[in-house]
Amino acid sequence: EAGVAQSPRYKIIEKRQSVAFWCNPISGHATLYWYQQILGQGPKLLIQFQNNGVVDDSQLPKDRFSAERLKGVDSTLKIQPAKLEDSAVYLCASSLWQGLAGELFFGEGSRLTVL
Amino acid sequence: RKEVEQDPGPFNVPEGATVAFNCTYSNSASQSFFWYRQDCRKEPKLLMSVYSSGNEDGRFTAQLNRASQYISLLIRDSKLSDSATYLCVVNSAGTASKLTFGTGTRLQVTL
């Protein structure tokens with residue numbers, strides 16, 4: 001079974017530029033998550049989708065971050081304009097359901113460096 | 001107070017040692033708990049769920065103390081391959097479950 005696919009794996013941009021990350025979850029997984037992991041910290045939830053609807057985006061900096069999952073399958077996360085503090089690994093994860101016992105399957109992440 | 005708190009470590013232990021990590025959580029209504037493992041520059045992967053009665057998987061034992069709001073992970077007979085960061089994860093109650101990760105505890109097992 002294919003895992004969660006993410007691209008690009010690495011991206012280096014200058015501050016104020018824009019960047020987009022793509023994620024394709026495991027087939028059949030209804031719930032998709034984007035996490036931000038800054039070096040030395042645990043993953044922080046940015047946004048959670050159930051099919052193509054947003055369940056939780058309370059920690060998404062909406063002035064610069066946006067995410068969509070139009071057809072309930074793959075998703076994109078965009079940052080515009082980027083700031084130095086956005087340097088992090090952006091992890092996409094999926095799960096079969098958003099229930100309390102669901103296991104998250106993570107992609108390898110997209111490592112962003114903002115100069 | 002952070003929702004999920006862990007000692008970041010690092011814990012440096014010799015091969016064969018027993019090591020224990022604790023994690024505290026602030027939301028008393030939290031319903032489920034997990035330990036994830038994250039190798040250096042890799043993605044987190046589920047290590048084990050934590051059940052109220054405690055559970056064991058080989059050399060790993062997880063326990064939950066709801067009264068004190070902490071969970072623990074015990075690793076017996078440590079192996080070099082156990083070197084990683086161990087993330088405590090708590091799922092908040094509610095209509096939309098939310099997994100909150102701790103900062104992780106780094107374990108380094110040495111010869």
Side-chain angles (χ1 to χ4, degrees), chain A residues 2-7 9-10 21 23-26 29-51 53-60 88-113, chain B residues 2-10 21 23-27 29-52 55 57 62 64 66 71 73 84-107:
Chain A
V4 176
Q6 289 190 245
S7 68
R9 289 292 312 279
Y10 304 93
F21 302 115
C23 171
N24 192 29
I26 292 173
H29 281 196
T31 310
L32 185 148
Y33 312 76
W34 282 101
Y35 282 86
Q36 178 194 60
Q37 187 171 27
I38 293 172
L39 187 65
Q41 299 181 20
K44 181 183 96 172
L45 179 68
L46 293 176
I47 189 166
Q48 178 180 340
F49 293 94
Q50 178 71 14
N51 296 310
V54 175
V55 172
D56 184 348
D57 63 356
S58 56
Q59 296 190 96
L60 186 74
V89 177
Y90 291 86
L91 293 162
C92 179
S94 69
S95 65
L96 270 173
W97 57 297
Q98 67 172 22
L100 298 180
E103 174 183 355
L104 296 193
F105 295 86
F106 284 87
E108 293 182 301
S110 294
R111 186 175 298 272
L112 173 67
T113 301
Chain B
K2 288 184 180 178
E3 286 188 61
V4 180
E5 290 201 72
Q6 294 182 254
D7 180 344
F21 309 133
C23 164
T24 58
Y25 60 95
S26 61
N27 185 351
S30 297
Q31 293 290 314
S32 54
F33 311 87
F34 309 90
W35 284 101
Y36 275 68
R37 169 188 169 134
Q38 186 170 27
D39 291 311
C40 188
R41 301 180 76 85
K42 297 287 189 181
E43 72 274 21
K45 292 184 180 178
L46 179 66
L47 177 66
M48 59 196 305
S49 302
V50 186
Y51 303 122
S52 297
N55 49 302
D57 182 3
L64 167 65
R66 285 190 184 273
I71 67 174
L73 177 68
T85 295
Y86 291 84
L87 297 160
C88 172
V89 186
V90 174
N91 197 332
S92 306
T95 56
S97 64
K98 174 181 171 181
L99 286 176
T100 301
F101 285 73
T103 56
T105 298
R106 193 156 65 89
L107 172 66

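Both backbone and side-chain heavy atoms feed into the values below; hydrogens, waters and symmetry mates do not. The structure displayed is predicted, hence computed values, not measured ones. Below, chain A is the first sequence line, B the second, and so on; all start at residue 1.
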Legend entry - Contacting region of B:Arg106 [heavy-atom separation from chain A under 4.5 Å]: neither

Legend entry - Part of B:Gln38 within contact of chain A (heavy atom distance under 4.5 Å): side chain

Inset, instruction - Please list, chain by chain and in numerical order, all residues satisfying side-chain hydrogen bond (donor to acceptor under 3.5 Å, both in side chains) with B:Arg66, sequence neighbours excluded. - result: none

Legend entry - Structural part of A:Gln6 lying under 4.5 Å from a heavy atom of chain B: neither

Legend entry - Partner of A:Ile47 under side-chain contact (heavy atoms from CB on, under 4.5 Å), chosen from A:Tyr33, A:Trp34, A:Tyr35: A:Trp34

Legend entry - Set of residues satisfying ring pair (Phe, Tyr, Trp, His ring centres under 6.0 Å) with respect to A:Tyr90, sequence neighbours excluded: A:Phe21

Legend entry - B:Glu5 side chain vs B:Glu3 backbone, donor-acceptor pair below 3.5 Å: no

